[in-house]
Amino acid sequence: MVPEAEHQWERIAYLLREGRLTRRELLQVVQVVMGTSAFAAVAAACGRPSSAAVTLPDVTGIEEPIPVERRDIFEHVHQPTRLQLVSESVAVSGVVERTTYNPYDGDHKVYVKLDPQYEHLLRPTNHGLLVAEVIATDEPTVYIPQPGEHATLHGPLVLDRGHDHWAEIHPCWLITTDSITGPLEPRRTLRVEVEAPEEVVVGRPWPVAVRVVPEHGGDGSGLTGVHLFLELIAATGVTVRWKAARTNMLGEALVRLASLVRAGEYTLYVHAAKGQDMGEAEIGLRVRRR
C-alpha cells in the first residue's frame, strides 16, 4: 500500500476512534471497506487485530543489533497488541527509498530496499520494502536517513496486523550508517507547559492545552512545528489514551482526549521533540463519577 493510501486509512481509523464521523459518514465508510483487504487494516488500527494465523519469517542467522537499554520493547508504541512479535531484536540493512511522518500517531516511517541476505524477511504485502517505524519518543535519539543512504536498522521484527501482516521493525530504536555509528545525543532544551482540568466527570472529553518554549534564553516565544506525543496512563501503568499533535505558529496545541468511562487516578505524559531537541512534562488527573 502506498504511503498516501496508508495515511487515508489511518485517518479513517483515527476518526472512528475519536467518534468524529457522522452516522452518514460512518455508513459510507462501512460500505466502502466491508469485503475488502482494507477492512483488516481499519479494524486493526481501531484496536481489533486479526486472529488469522500467518507464517513467521525465519530470523536464523540474522545479525544481532547494537544493544539499547529499554524497560519494555513496546513502551510508548501505539496499540502494540496489533503487532505480532517475530524477534525481540534484529539488525538488517538496505538502501532507504523514502521516509514519511505520520501526524496521527507521531511515527516516522522509513521504507528500505533490503540487502539480498535479508529479503527473505519480507512478506508479499511489503511490496519489496521493509518498513521501520521510529516512534515519537525516540525521535531525538534516532537518525532518520535520507533517500539513497545505506543504513542498518535495529529493533524488534514484527508483523503488523493493521497492514495485512507485513514485516516491519517497530519500534526502530537505532539507525546506523557509515557516518552515524550510534544513538544521537538528545538535547533537553524544550520546556513543556501543560494546562488541563485536574478533574473531569466520567464520559466528558478532556481538553489539554500544551505550549512549548525554549528551556533557557529566548524571548519566551513558543516554538512552532514541535512534535507532541501524549499518553494518558492509568494507575495500573496501562496506557488508556494517546494522541499525537504538532505546535502551531505560536508554539501551542489544543488536544482533546476522548472521553473516559472509568473513574480513577491517571497520569498525563507529554513528550515534545523537534529533531534532537526534546522536553517532557507529567501531570496528575482524576476522573470522578457523576
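None of these values were measured; they are calculated from a predicted model. Only heavy atoms go into these numbers, but all of them, side chains included; no hydrogens, no water, no symmetry mates.
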About how many Å separate [atom2] of [Y] and [atom1] of [X], when rounded to the nearest 0.5 Å?
X	Y	atom1	atom2	answer
Glu168	Leu83	CD	CG	6.0 Å
Arg288	Arg204	CZ	CZ	8.0 Å
Leu254	Glu195	CG	CD	10.5 Å
Leu174	His154	CG	NE2	4.5 Å
Thr137	Glu231	OG1	CD	7.0 Å
Asp277	Thr189	CG	OG1	3.5 Å

Is it true that atom [atom1] of [X] has more than 12 heavy atoms of other residues, nucleotides or ligands lying nearer than 6.0 Å?
X	atom1	answer
Glu198	CD	no
Glu88	CD	no
Asp178	CG	no

Evaluate Val112 against Ile169 for side chain to side chain contact (heavy atoms under 4.5 Å, CB included), listing each step before the verdict. CA-CA 11 Å; Val112 180; Ile169 293 182; over 6 Å; no
Side chains of [X] and [Y] in contact at under 4.5 Å (non-hydrogen atoms):
X	Y	result
Asp115	His150	yes
Pro156	Trp173	yes
Cys172	Glu133	no
Leu257	Val208	yes
Asp160	Arg82	yes
Leu230	Val270	yes
Leu121	Leu130	no
Lys113	Leu129	yes

Determine whether a donor-acceptor pair (N or O, by modelled atom type, separation under 3.5 Å) exists between the side chain of [X] and the backbone of [Y].
X	Y	value
Arg246	Gly106	no
Arg123	His165	yes
Asn126	Ala167	yes
Lys274	Thr224	yes
Thr247	Val226	yes
Ser93	Thr152	no

Please assess Thr99 against His108 for the test side-chain hydrogen bond (donor to acceptor under 3.5 Å, both in side chains), listing each intermediate value before the final yes or no. CA-CA 7 Å; Thr99 64; His108 290 269; over 6 Å; no
Carefully, step by step, assess His163 and Thr125 under the rule side chain to side chain contact (heavy atoms under 4.5 Å, CB included). CA-CA 8 Å; His163 290 289; Thr125 47; over 6 Å; no
Applying the 4.5 Å side-chain criterion to the ILVMFWY set and letting contacts propagate, would [X] and [Y] be lumped into a single cluster?
X	Y	answer
Trp206	Val202	yes
Val192	Leu232	yes
Val200	Ile283	yes

Could you go through Glu139 and Tyr101, starting from their C-alpha distance and side-chain angles, then the distance that decides it, and tell me whether this counts as side-chain hydrogen bond (donor to acceptor under 3.5 Å, both in side chains)? CA-CA 11 Å; Glu139 179 179 337; Tyr101 174 74; 5.6 Å; no
When you look at Val134 and Ile175, which way does the side chain to side chain contact (heavy atoms under 4.5 Å, CB included) test go after all the steps? CA-CA 9 Å; Val134 179; Ile175 298 178; 4.2 Å; yes
Between Phe229 and Ile135, does a side chain to side chain contact (heavy atoms under 4.5 Å, CB included) hold up when you go through it step by step? CA-CA 9 Å; Phe229 182 72; Ile135 62 175; over 6 Å; no
May I have all residue pairs that pass ring pair (Phe, Tyr, Trp, His ring centres under 6.0 Å) and include part of residues 243-274, sequence neighbours excluded? His76-Tyr269
Using a side-chain heavy atom cutoff under 4.5 Å and only I, L, V, M, F, W and Y, what cluster partners does Val261 have? none
So, are Glu185 and Arg187 salt-bridged, with charged N and O less than 4.0 Å apart? no
Using side-chain hydrogen bond (donor to acceptor under 3.5 Å, both in side chains) as the criterion, list what pairs up with Asp107, not counting sequence neighbours. none
